[in-house]
Each structure stands twice: as C-alpha cells, then as structure tokens.
Amino acid sequence: MNDDSYTNDLMTCVHCGLCLNACPTYLETGSEADSPRGRIVLMRALHEGRLSPKDEDLRQHIDACLGCRACETACPSAVPYGHLIEVARERIDNEGDRPIQETLARKALLGTLTHPSRMAAAMTVAKRVTDGDIPALALKMLSGDSNAKTQHVQLPDKINPPLPPAYTPAVGKKRARVGVLAGCVMRVLYGDTNADTVRVLAANGCEVLVNRRQGCCGALHAHNGALDEARGLAKQLIDAFSPMDGLDAIIVNSAGCGSMMKDYEALLADDPIYLVKARAFAAKVRDVSEYLDELGWVAPLQPLSSEPLTMTYHDACHLAHGQGVRDAPRALLGLIPGATLVSLKESEICCGSAGIYNLTEPEMATRLRERKIANIRATGASVVATGNPGCLSWINSGLAADSENLIRVAHPVTLLAEALCPPTHSE
C-alpha cells in the first residue's frame with residue numbers, strides 16, 4: 001500500500017461510532033482508544049508524525065486490537081481497517097521500541113506456527129510434557145505482561161496426522177475439479193478436518209487434489225505486521241498451485257487462510273510480476289462451506305445420533321467479516337437430518353483466539369472466551385460448529401474446563417462428513 005493510498009484510507013473514517021458496538025475490545029473496556037475509530041486516530045497521528053512508533057501507549061493500543069474486522073462489517077464508509085492496522089503494526093515493529101525478548105518470542109512463535117514440521121514437534125512436546133499448559137514465562141515474553149499466568153490450551157489427541165491423498169476421485173458424476181489447501185495449524189492440529197473436507201467434496205462430485213508443495217499462506221505474518229514475509233509466502237503459495245491446471249476452485253477450510261488468500265491482489269498490488277497471478281489465484285479461492293453451498297449439496301445424509309441434536313454456530317471472524325460468508329455454513333448444517341440449529345447471541349463477536357492473540361494478549365483473550373462460552377451455554381446446544389482452527393482450539397479449551405457439562409466443538413465439514421450415508425456398491 002503506497003503512502004497516498006494509506007493516507008486516503010485513514011481519512012475515509014468519519015468517526016461516526018457505528019463500529020463501537022461491533023468491536024470486542026471496546027465492548028470489554030469501554031475505552032475509546034481501544035475502539036476502531038480511536039485506533040484510527042492513533043494511526044493517523046503515527047502516519048503524520050504526531051506520534052512516534054516508539055510510543056508505548058500507541059503500541060499497547062495497536063497490539064490490543066484482535067484484527068477481527070468486525071468494524072469493517074459495521075462501517076458505512078467502507079474503511080479498510082484490516083489493512084490499516086497491518087501497516088501500522090509493521091511500522092511499530094520496524095521502528096518502535098518493543099522489548100527485544102518480546103520481539104524474538106513473537107518471531108519464534110510465527111516461525112513455529114507457520115511450519116507444520118516445527119509446529120508438530122512443538123505441540124507433541126507440549127502435549128506430552130505439559131499436557132497443553134503454556135508456561136507463564138513464555139506468555140510474559142510474548143505479551144510483555146509481567147503478570148501473565150500459565151494458560152492451558154486443549155490439544156487434540158492426534159497431532160499432525162497424514163495428509164489426505166494427493167488425488168481423490170469424485171463420487172458418481174464429476175461436477176468439478178478442485179484443489180485443497182492443507183494449511184499449517186489446520187494440518188497439524190485438525191488434520192482429520194482436512195480428510196473430512198476431501199471426503200465431503202468428493203461425495204458431492206468433486207475431483208479433489210491436495211497439493212504436496214504448498215506452504216503457509218502468510219495470514220499470521222500479515223495480521224501481525226510482517227508484511228514482507230507475508231508477500232513472500234503468498235508468492236510461494238501461488239507458485240505451488242500454478243501446476244494444477246483446470247481447477248474450478250481452490251478450497252480452504254480455515255477462515256483466516258481463506259481471507260488472506262482472497263486478499264492476495266491487495267497484498268501484492270505493488271508487485272508488477274505477481275499482481276496478475278494474484279488476481280487470478282484469489283478469484284478461485286472459496287471457503288469449503290461457501291463452495292459446497294454454491295455447487296449445491298447432493299450427497300445423501302443421515303442423522304448424527306438416534307436422539308434429536310441441537311447445534312449452534314459461531315462465526316469465525318475472518319469468515320464472516322473478512323469473507324462475508326455467513327449463510328452457507330448454516331444452510332449446510334441445516335441439511336443434517338434430526339439436527340436443530342439454534343442462534344448464538346453475539347455470534348459474530350470474536351472468541352479471543354485471533355491468530356496468536358490468545359498468546360500475546362492472554363488477559364483480553366480469556367475475557368472474550370468467557371463471554372463467548374457463556375453465550376454458547378445459554379443456547380442449550382450440545383454441539384457448537386465453527387470454521388477456523390484457532391476458534392476450534394480456543395473455544396474447546398474453555399469448554400473443556402467444565403468436565404460435567406461437555407459441549408462438542410467441531411468444524412461444519414466434520415459434522416457433515418459424519419452425517420454422510422455409507423457409499424453404495426455402485427459408488
């Protein structure tokens with residue numbers, strides 16, 4: 001984003017305040033400086049030289065933003081807040097005075113979460129040695145908060161299961177040819193969800209390819225201001241998918257990744273070599289629920305249990321606000337026989353996971369999780385569905401604390417895969 005464009009985007013905000021009730025941190029603190037329009041005032045002051053990137057209060061308020069983009073949904077002026085906060089974070093990290101131990105810890109975390117082999121090794125150790133407990137020292141280094149306490153994250157039983165086959169044929173008549181992003185966090189923590197994604201796509205007539213060369217999409221880097229690294233990763237991913245000829249869509253089951261990939265044209269706008277490639281690539285990216293809804297579900301389904309089932313749905317921020325996908329997951333879940341989908345209060349308010357936010361801002365992340373869990377329990381549902389690995393892990397960690405009132409947390413495609421009728425011999 002060039003300087004003139006950034007200035008114009010900052011000036012787009014008219015400070016109407018319609019973003020306030022959409023912003024999770026403002027709802028929790030009531031602080032104007034922790035609202036979208038308040039942060040835009042701070043970002044303008046930084047951009048115009050009235051505030052230094054070394055200003056500690058500035059850094060704290062910018063760090064406290066979840067990057068959930070709920071303000072973009074509420075904004076009548078179409079302020080591209082997500083892009084603005086990323087550029088501000090980049091400058092603060094490059095020119096500011098963030099403590100060196102915090103900087104190094106953040107870089108190490110990004111370097112781990114965006115490399116599946118490293119992440120698998122780290123999560124395996126965390127599960128075996130600490131049972132998912134994140135030591136207070138690590139949180140203090142990541143957040144700069146000397147009062148940070150040990151935090152537990154519920155980890156799945158299987159870490160880094162095998163990737164689905166490179167090629168899966170369509171069941172019945174072929175309707176489409178698609179590629180699937182395995183992801184980083186999704187691949188390591190929820191690899192079975194990738195298998196479920198392939199299964200439901202194939203059951204609905206899709207020929208499915210899973211790219212073995214793919215790497216990170218760059219989402220975590222971009223959201224945390226490491227834009228140069230994000231651009232490099234975006235180019236690598238575009239190149240990895242380029243040999244896959246004739247794809248009707250590139251399917252993503254992680255909301256954060258899908259939002260980033262759909263935004264590649266903006267990310268690479270200043271790159272004359274990759275801009276055209278990025279535009280073509282982004283045009284094919286679809287969330288799995290979005291694509292199945294567009295294609296039209298045809299696979300037969302059966303009830304998930306012999307008893308009536310009540311489900312609810314939490315909108316992952318980068319699916320609802322980043323991609324505008326809200327109805328498709330609900331429509332698909334509504335196809336499961338014997339299941340009732342009930343509405344969730346504040347469904348579009350962030351759960352507090354937000355990439356690495358739950359590690360860099362653990363106090364606010366925990367407050368938001370508690371708010372989310374209270375709303376989930378109020379529905380009376382026994383299952384909550386959501387389409388992002390961070391949400392799955394963070395919400396599950398909070399719900400698992402109450403062993404007597406367990407609520408299952410699952411990706412919509414997992415529930416749909418479980419509801420698929422067994423294949424017939426003709427298939």
Side-chain angles (χ1 to χ4, degrees), residues 23-25 27-29 64-68 70 109 113 123 126-127 130-136 138-139 142-143 145 147-159 185-186 188-190 192-193 220 254-256 310-321 329 341-412 414-415:
C23 176
T25 52
L27 290 175
E28 284 293 317
T29 68
C65 175
L66 292 133
C68 69
L109 181 62
L113 294 180
M123 293 301 168
K127 188 169 182 62
T130 70
D131 195 29
D133 286 339
I134 301 173
L139 292 176
L142 285 165
S143 64
D145 181 2
N147 295 316
K149 299 177 181 178
T150 298
Q151 179 174 281
H152 182 75
V153 175
Q154 190 76 12
L155 296 175
D157 293 333
K158 287 192 287 185
I159 302 292
V185 177
M186 183 64 84
V188 174
L189 294 186
Y190 296 100
D192 287 348
T193 301
L220 288 180
S254 171
T310 301
M311 301 184 297
T312 193
Y313 178 76
H314 160 67
D315 286 281
C317 296
H318 281 87
L319 191 55
H321 305 302
L341 186 66
V342 297
S343 61
L344 173 64
K345 181 182 177 182
E346 296 186 340
S347 177
E348 293 194 7
I349 295 295
C350 186
C351 67
S353 174
I356 65 170
Y357 188 93
N358 60 348
L359 301 176
T360 60
E361 301 290 333
E363 189 272 335
M364 178 57 72
T366 301
R367 287 168 63 177
L368 290 170
R369 183 174 63 181
E370 290 173 352
R371 184 180 185 128
K372 180 64 62 177
I373 287 173
N375 286 327
I376 290 170
R377 293 205 181 282
T379 67
S382 58
V383 177
V384 55
T386 188
N388 192 61
C391 303
L392 287 166
S393 176
W394 190 235
I395 293 173
N396 189 45
S397 295
L399 288 170
D402 184 358
S403 59
E404 296 182 0
N405 190 17
L406 290 180
I407 296 176
R408 183 186 179 191
V409 188
H411 197 291
T414 294
L415 299 172

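Here salt bridge (charged side-chain N to carboxylate O under 4.0 Å, His left out) pairs that include residues 381-394, with residues two or more places apart or in two chains, number zero.
Minimum heavy-atom separation, Ala381 to Met311: CB-C, 3.8 Å. Residues Val185 and Leu113 share a closest heavy-atom pair of CG2-O, 4.1 Å. Minimum heavy-atom separation, Cys350 to Leu66: SG-CD2, 3.8 Å. Counting all heavy atoms, side chain and backbone alike, Leu155 lies closest to Ala126 at CD1-CB, 4.3 Å. Contact record, Pro156 with Leu189: CG-O, 3.0 Å, taken as the closest heavy-atom pair.
No side-chain heavy atom of Asn388 sits under 4.5 Å from any side-chain heavy atom of His318. Residues Ile134 and Leu142 have side chains not in contact (no heavy-atom distance under 4.5 Å, counting atoms from C-beta outward). Contact annotation: the side chain of Val409 never approaches that of Val383 to less than 4.5 Å [non-hydrogen atoms, C-beta and beyond]. Counting only heavy atoms from C-beta outward, the side chains of Lys345 and Thr379 never approach each other to under 4.5 Å. The side-chain heavy atoms of Pro412 and Tyr313, taken from C-beta on, include a pair separated by under 4.5 Å. Contact annotation: the side chain of Thr366 never approaches that of Glu361 to less than 4.5 Å [non-hydrogen atoms, C-beta and beyond]. Counting heavy atoms from C-beta on, the side chains of Lys149 and Leu139 never come closer than 4.5 Å. Annotation: side chain of Gln151 is in contact with side chain of Leu359 (closest heavy-atom distance under 4.5 Å).
In this structure Arg369 satisfies the salt bridge (charged side-chain N to carboxylate O under 4.0 Å, His left out) test with no other residue, sequence neighbours excluded. Residues passing the salt bridge (charged side-chain N to carboxylate O under 4.0 Å, His left out) test with Lys158, sequence neighbours excluded: Asp192. Looking at residues two or more places apart in sequence or on another chain, you find a salt bridge (charged side-chain N to carboxylate O under 4.0 Å, His left out) between Glu363 and Arg367. For the side chain to side chain contact (heavy atoms under 4.5 Å, CB included) test, residues two or more places apart in sequence or in another chain that qualify with Ser143 are Asp145, Ala148, Pro362.
Under 4.0 Å is where a charged nitrogen must lie from a carboxylate oxygen, and between Lys372 and Glu346 no such pair does.
Under the 3.5 Å distance criterion, the side-chain polar atoms of Tyr357 are matched with a main-chain donor or acceptor of Ala64. The backbone N or O of Leu341 lies less than 3.5 Å from no partner atom in the side chain of Thr312, so there is not a single donor-acceptor pair. Remark: the backbone N or O of His314 is paired with a side-chain donor or acceptor of Thr386 at under 3.5 angstrom. At distances below 3.5 Å, at least one donor-acceptor pair connects side-chain atoms of Asn375 with backbone N or O atoms of Arg371. Looking at Ser254, its side chain never comes within 3.5 Å of a backbone N or O of Met186 through a donor-acceptor pair.
Of the inter-residue distances, the one linking His321 atom NE2 with Cys68 atom SG reads 5.5 Å to the nearest 0.5 angstrom. Interatomic distance, Asn358 CG to Met364 CE, rounded to the nearest 0.5 Å: 13.5 Å. Summarising the geometry, atom OG1 belonging to Thr130 is positioned 8.5 Å from atom NE2 belonging to His152; distances are rounded to the nearest 0.5 Å.
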Extract all donor-acceptor atom pairs below 3.5 Å that involve side chains of residues 389-396 and protein atoms in other chains or at least two apart in sequence.
from: Trp394; atom 1: NE1; to: Cys351; atom 2: O; distance (Å): 3.2
from: Trp394; atom 1: NE1; to: Ala365; atom 2: O; distance (Å): 3.4

Could you go step by step and tell me if Ile376 and Leu344 meet the side-chain contact (heavy atoms from CB on, under 4.5 Å) rule?
CA-CA 6 Å; Ile376 290 170; Leu344 173 64; 3.9 Å; yes
